[in-house]
Amino acid sequence: MGPLARAIAAHPGYRWGAAFALLLAFPLAIANGYQQYLVDLIMINIVLAVGLNIVKGFAGQVNVGHVALAAIGAYTSAVLSTKFGLPFWFALPFATLATGVVGAVVGVPSFRLEGAYLALATLGLAESVRIFIAVTDYLGASVGYGDIPPPIIGGWRLDGYAAYYYVVMPIAVVGTYIAFSILRSDVGRAFKAIREDTLAAAASGIDVRKYKLLAFVISALYAGCAGSLAAHMAPGFIHPDDYNLTRRITAILMVVAGGLGHVWGGVIGAIMITLVAEWTRSYYQYEFIIFGLIVVLTMLYMPRGIGGYIDRRLANRRFVALRTGKAAAKAV
């Protein structure tokens, strides 16, 4: 192992920097516009999945309405850009914060509801948001909302997929890094305690209501950001059907297949499910069957998802290396 490799292994910040540098050059390996569109979509879905993993994987709270929060972020950003003339760089944070406020409202039922009851409550919210958008002329109703402007830097319109990549990719990387930081902080430990046993967490002094609400708010911020990014990506058009039941199932499947409570699992799940959804678009009538098979196979062979499987393999490798090292030391 060379000095550069040792430095990267010793300092996590170097690993993030090296990964970011590789991602900066990634568009050079992309052959056409469709592939670049897929990469941009994957980056947006990474933000969406990582946010859902915070509330579901870290804190153990069921939220079927995560995609509805993304819809709120998308339409808020679209309205601010088209009706009020705000540029993307102001519409994005405003839409993200507005969605965070809605996330706080969504989190209130979690004080009294859990499991299937909370799932039904958030599912009702998701469908209510979609129907409200579909019947509101100001939001384009069932026709859809178009002419959403792309980001502009110094007169340069980032309306191409290759240019837009340099907007969504840094946000996805920063969002993933923040999720890792949350998981390793006191907040993350409180989330995991609530996920394992709410009563035990409360008995140990954790303010359960506060941290449940915080999990929903953080998750909503991610969803609002992802929704805004999706709205401003070419062709600058959003529709209520973009946030239907299929889309909700896809978002949940990203987290379940990737691994609940594993940040890298959410990233891997977002990549895998986005590609599967795009490659099977021609067989849309079998979409739920395909997604169902993915869930069944994941639960059979990787019960903790891809992230859990990777963690187990790495732990086994470290254990074998440790035992081998001890055996070699005894032999000497």
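From a predicted model like this one, the values you see are computed outputs, not experimental measurements.
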Quick check against the 3.5 Å criterion: does [X] have a side-chain atom that pairs as donor or acceptor with the backbone of [Y]?
X	Y	result
Ser228	Ala74	no
Ser185	Ile182	yes
Ser219	Ala215	no
Thr122	Val64	yes

List for me each residue that meets side chain to side chain contact (heavy atoms under 4.5 Å, CB included) alongside Ile271, sequence neighbours excluded, and say none if there are none.
-> Ile42, Ile46, Val267, Leu275

Please name all residues satisfying side chain to side chain contact (heavy atoms under 4.5 Å, CB included) with Val256, sequence neighbours left out, ordered by chain then number.
-> Ile252, Met299

Evaluate the side chain to side chain contact (heavy atoms under 4.5 Å, CB included) criterion for residues Tyr243 and Tyr75: first the C-alpha distance (whole Å), next the side-chain angles of each, then the deciding distance (0.1 Å), finally the verdict.
-> CA-CA 11 Å; Tyr243 311 98; Tyr75 276 88; 4.0 Å; yes

Rounded to the nearest 0.5 Å, what's the gap from [atom1] on [X] to [atom2] on [Y]? Could you check?
X	Y	atom1	atom2	answer
Gln36	Ile30	CD	CD1	3.5 Å
Met233	Tyr37	CE	OH	5.0 Å
Ile218	Leu213	CD1	CG	10.0 Å
Phe191	Gln61	CZ	CD	9.5 Å
Leu221	Ile178	CG	CD1	9.5 Å
Leu41	Thr274	CG	OG1	5.5 Å

Side chains of [X] and [Y]: does their closest heavy-atom pair fall under 4.5 Å?
X	Y	result
Asn53	Met254	no
Tyr222	Ile54	yes
Val255	Leu260	yes
Leu52	Val55	yes
Asn63	Leu69	yes
Phe90	Leu80	no
Arg130	Asn244	yes
Ile171	Leu92	yes

Between [X] and [Y], which heavy-atom pair has the shortest distance, and what is it?
X	Y	answer
His232	Ser77	NE2-OG, 2.6 Å
Val50	Ala179	CG1-CB, 3.4 Å
Val106	Pro109	O-CD, 2.9 Å
Ala251	Val67	CB-CG2, 3.7 Å
Ala223	His66	CB-CE1, 3.5 Å
Ile238	Ala231	CG2-CA, 3.8 Å

Starting from [Y], can I reach [X] by hopping between I/L/V/M/F/W/Y residues whose side chains sit under 4.5 Å apart?
X	Y	value
Leu125	Val101	no
Tyr34	Phe26	yes
Val143	Ile131	no
Leu97	Val129	no
Trp279	Val39	yes

Decide if atom [atom1] of [X] counts as having more than 12 heavy atoms of other residues, nucleotides or ligands within a radius under 6.0 Å.
X	atom1	answer
Phe132	CZ	no
Lys83	NZ	yes
Tyr117	OH	no
Phe237	CZ	yes

Can you pull the salt bridge (charged side-chain N to carboxylate O under 4.0 Å, His left out) pairs that have at least one residue in [range], sequence neighbours excluded?
range	result
residues 248-276	Glu127-Arg248
residues 272-286	Glu278-Arg281
residues 25-41	none

The complete set of side chain to side chain donor-acceptor pair (under 3.5 Å) pairs with one or both residues in residues 137-148, sequence neighbours excluded, reads Thr82-Tyr145

Scan residues 88-102 for pairs that pass side chain to side chain donor-acceptor pair (under 3.5 Å), counting only residues two or more places apart or in two chains.
-> none

Do Met43 and Val173 pass the side chain to side chain contact (heavy atoms under 4.5 Å, CB included) test, and can you show the C-alpha distance, the side-chain angles, and the key distance before you say yes or no?
-> CA-CA 9 Å; Met43 292 297 168; Val173 172; 5.9 Å; no

Any residue meeting salt bridge (Lys or Arg N to Asp or Glu O under 4.0 Å) with Lys212, in chain and number order, not counting sequence neighbours = Glu114

Atom pairs and distances, donor-acceptor, side-chain atoms in residues 193-202, under 3.5 Å, two or more places apart:
unit_1: Arg195; atom_1: NH1; unit_2: Gly57; atom_2: O; d: 2.7
unit_1: Asp197; atom_1: OD1; unit_2: Leu199; atom_2: N; d: 3.1
unit_1: Asp197; atom_1: OD1; unit_2: Ala200; atom_2: N; d: 3.1

Phe94: what forms a ring-ring contact (aromatic ring centres under 6.0 Å, His included) with it, not counting sequence neighbours?
-> none

Could I get the full list of ring-ring contact (aromatic ring centres under 6.0 Å, His included) partners for Phe180, not counting sequence neighbours?
-> Trp16, Trp264

Which donor-acceptor pairs under 3.5 Å do side chains of residues 151-167 form with protein atoms, sequence neighbours excluded?
unit_1: Tyr161; atom_1: OH; unit_2: Ala234; atom_2: O; d: 3.3
unit_1: Tyr164; atom_1: OH; unit_2: Leu229; atom_2: O; d: 2.6
unit_1: Tyr165; atom_1: OH; unit_2: Leu23; atom_2: O; d: 2.6
unit_1: Tyr166; atom_1: OH; unit_2: Leu24; atom_2: O; d: 2.8

